[in-house]
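Presented below is the structure to which this report refers.
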Amino acid sequence: MEHVLTQMKQAAQAPMDYAAQWKARTGRQVIGLLPMHFPGELAHAAGCLPVILQDDEEPITIGQSNVFNFYCGFNRSIVDQTMRGRFDGLDAIMFGDHCVQLLGTADTIRAERPDLPILFNQLCTTLDAGWALRETTGTFTQLWKELEALTGAEIAPQAVTASIALFNRNRAQMRRLYDMRRKGLVAISGRDMQAVVKSSMAMDKKEHVALMDELLAAIPRRGPAAGGVPVYLSGHLCHAPKPALIDMIEESGARVVNDDLFVGWRFIHADMDEAMPPVDAMAHWYVEKNRRLPCPTRTTKGVDWEDYLLAEVERSGAQGLVVLMVKFCEPHMYFYPEIKEAFEEHGIPHLLIETEHEEMPVEALKTRVETFVEIAKRRATSKAA
């Protein structure tokens with residue numbers, strides 16, 4: 001088991017190094033994807049390695065003069081990595097428009113790397129509109145053509161369907177691990193769980209599927225977990241929380257039972273329909289997944305993030321909610337008051353932690369988390385009495 005996690009951690013910690021090695025080994029192209037809605041399946045079917053771009057641990061230095069200070073740490077890090085040449089091995093980047101900051105990041109990359117193809121596709125945001133499915137199908141059809149132009153080869157529909165099946169299998173593997181962890185049947189830390197999902201965003205899918213098969217077979221089983229207050233993590237829509245923050249939450253007496261993090265359940269929760277024509281499968285996947293797990297950058301009538309969180313906290317047996325909000329993340333900031341009000345109305349403890357790319361005062365935060373855990377524990381005891 002340990003050698004599997006080691007390989008995953010290496011890919012998760014240095015995705016661009018993994019991509020460079022893969023490119024040198026295969027001679028094929030690497031496509032950078034910006035979170036959080038574009039299907040890596042299409043790039044995979046084109047023979048490319050889709051890599052979801054992540055922030056890194058480096059302090060933001062050279063890129064600071066090319067981006068506003070009120071951009072979130074993820075966008076500032078992406079700009080800084082561009083200026084440092086970290087993305088020079090990419091053959092193209094696929095951009096979306098799910099926040100204003102990301103549009104500014106795209107413009108900066110265009111200016112700094114005019115030779116790097118930018119595949120910019122605007123996905124509709126009102127997902128229950130009568131035209132949403134049609135427009136989404138058109139967007140993915142256009143992206144299909146752009147990838148064919150980039151690679152100089154036709155992408156066969158059968159290849160896309162095969163990629164969809166492979167990606168579905170990989171998501172199902174990670175969901176199985178999530179389910180076992182939620183039920184307390186396996187012991188895996190939040191740090192390692194993050195590495196499992198994050199590595200799947202960078203690695204060759206066949207390689208990751210093989211590693212997941214090994215991990216699921218080798219991870220030690222145990223009886224239902226005892227001890228630790230079960231909590232639910234929410235937020236971080238584009239990149240992973242710092243592992244040290246996850247460690248601190250668990251060391252403070254909490255036991256994470258589920259999440260809706262992008263580098264987590266949000267990334268793996270929805271499959272594509274392998275029986276549909278592939279472009280239709282991708283369009284339905286995009287339009288319908290908001291009903292499964294709401295996204296604050298998209299709208300669907302009757303679908304509210306706070307209602308989803310209330311239901312998921314109850315389903316997972318969590319006794320409290322920890323909201324990890326990236327500093328300056330506008331979509332999350334707009335929705336948080338609704339979440340706060342709903343959880344206060346239902347008497348469910350919740351804690352807001354604002355995160356930042358730069359060094360965070362983890363020890364100072366630990367006191368707040370320990371207090372929250374004690375409140376959640378007392379509230380659960382009082383409720384049971």
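Since the model is a prediction, treat every value here as computed from it, not as a measurement. This chain uses plain numbering: 1 for the first residue, then up along the sequence.
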All heavy atoms of V160 vs all of P278, minimum pair found to be CG1-CB, 3.4 Å
NZ of K198 to CE of M8, rounded to nearest 0.5 Å, is 14.5 Å
Side chain to side chain donor-acceptor pair (under 3.5 Å) with N75: of T105, D55, T108, only one passes, and it is T105
Using side-chain heavy atoms (C-beta onward) and a distance below 4.5 Å, is L123 in contact with T136?
yes
- prompt: Is there a side-chain contact between T125 and T297, using heavy atoms and a 4.5 Å cut-off?
  reply: no
Scanning both residues in full, the closest heavy-atom pair of M272 with A281 reads CG-O, 4.1 Å
Smallest heavy-atom separation, L261 atom then S234 atom, equals CD2-C, 3.9 Å
Tested for side chain to side chain contact (heavy atoms under 4.5 Å, CB included) against F95, the lone hit among N121, L102, L119 is L102
### Query
Can you check side-chain contact (heavy atoms from CB on, under 4.5 Å) on R171 and R175, steps first, answer last?
CA-CA 6 Å; R171 284 187 286 259; R175 289 198 300 267; 3.6 Å; yes
NE2 (H208) and OG (S199) are apart, to the nearest 0.5 Å, by 3.0 Å
Margin query: Just so I know, are the side chains of W22 and R28 near enough to count as touching, which here means a heavy-atom distance under 4.5 Å?
Written below: yes
*With the threshold set at 4.0 Å, does a side-chain nitrogen-carboxylate oxygen contact exist between R368 and E354?*
no
query = Is any side-chain heavy atom of V303 closer than 4.5 Å to a side-chain heavy atom of Y308?
reply = no
Worksheet item: Between D56 and R84, does at least one N-O distance fall below 4.0 Å, as a salt bridge requires?
Response: yes
Rounding to 0.5 Å, atoms CZ (R134) and OG1 (T139) come to a distance of 11.0 Å
**Message:** Strictly below 4.0 Å, N to O, side chains only: are R182 and D179 in salt-bridge contact?
**Reply:** yes
Does the distance from a Lys or Arg side-chain N to an Asp or Glu carboxylate O, for R181 and D192, drop under 4.0 Å? no
Heavy atoms of G73 and H357 approach each other most closely as CA-CB, 3.7 Å
Is any NZ, NE, NH1 or NH2 atom of the basic residue among R113 and D88 found under 4.0 Å from an Asp or Glu carboxylate oxygen of the other?
yes
Minimal heavy-atom distance between L49 and A19, with the atoms involved, is CD2-CA, 4.0 Å
* Heavy-atom side-chain contact between V326 and L237 under 4.5 Å -> no
Check your understanding: Salt bridge check: are E358 and R76 linked by an N-O gap of less than 4.0 Å?
Key -> yes
| said: Do L166 and L33 land in one hydrophobic cluster if side-chain heavy atoms of ILVMFWY residues count as linked below 4.5 Å? | reply: no
In terms of heavy-atom contacts, F267 and S200 come closest through CE2-OG, 3.5 Å
Distance col, row K377:NZ vs Q319:CD, nearest 0.5 angstrom, shows 9.5 Å
Practice prompt. Go through the steps for Y18 and E207 under the test side-chain hydrogen bond (donor to acceptor under 3.5 Å, both in side chains), then give the verdict.
Written response: CA-CA 12 Å; Y18 175 89; E207 185 177 347; 2.7 Å; yes
Checking V197, V196, I268 against V263 for side chain to side chain contact (heavy atoms under 4.5 Å, CB included), the one that qualifies is V197
Problem set entry | Short N-O contact, K366 and D247, less than 4.0 angstrom | no
> Looking at D128 and K301, does any basic side-chain N land under 4.0 Å from a carboxylate oxygen?
Replying inline: no
* Side chain proximity check, W265 to L233, heavy atoms < 4.5 angstrom -> no
Check the angle between the aromatic planes of F343 and H350 and answer parallel, tilted or perpendicular using the 30° and 60° thresholds. tilted
Checklist entry - Aromatic rings Y286 and H37: how do their planes relate, parallel, tilted or perpendicular, breaks at 30° and 60°? => result perpendicular
Quiz prompt | salt_bridge(D91, K23) N-O dist < 4.0 Å | solution = yes
Residues pairing under ring pair (Phe, Tyr, Trp, His ring centres under 6.0 Å) where one sits in residues 123-148, two or more places apart or in two chains, turn out to be none
When H236, H239, H332 are each screened for ring pair (Phe, Tyr, Trp, His ring centres under 6.0 Å) with F74, the one that passes is H239
Between T355 and M360, does the side-chain contact (heavy atoms from CB on, under 4.5 Å) criterion hold? Intermediate values first, please.
CA-CA 7 Å; T355 69; M360 290 180 59; 3.9 Å; yes
Check the pair R221 / M180 against side-chain contact (heavy atoms from CB on, under 4.5 Å), numbers first and verdict last.
CA-CA 9 Å; R221 270 56 171 179; M180 290 192 293; 3.7 Å; yes
Could R110 and F120 be counted as a cation-pi pair, given that NZ or CZ must be under 6.0 Å from the ring centre and within 45° of the axis?
yes
So CD of E330 and OH of Y334: to nearest 0.5 Å the spacing works out to 4.5 Å
Worksheet item: Is there a side-chain contact between L245 and L365, using heavy atoms and a 4.5 Å cut-off?
Response: yes
ask   = Can you check side-chain hydrogen bond (donor to acceptor under 3.5 Å, both in side chains) on E2 and T6, steps first, answer last?
value = CA-CA 6 Å; E2 288 304 319; T6 296; 5.2 Å; no
More than 12 heavy atoms from other groups under 6.0 Å of CD on E274:
yes
- Query: Is it true that R291 and E288 have a side-chain N and a carboxylate O under 4.0 angstrom from each other?
  - Reply: no
The reported gap from CH2 in W305 to CG in N290 (rounded to nearest 0.5 angstrom) is 11.0 Å
- Message: Between R25 and D204, does any side-chain N to carboxylate O distance fall below 4.0 Å?
- Response: no
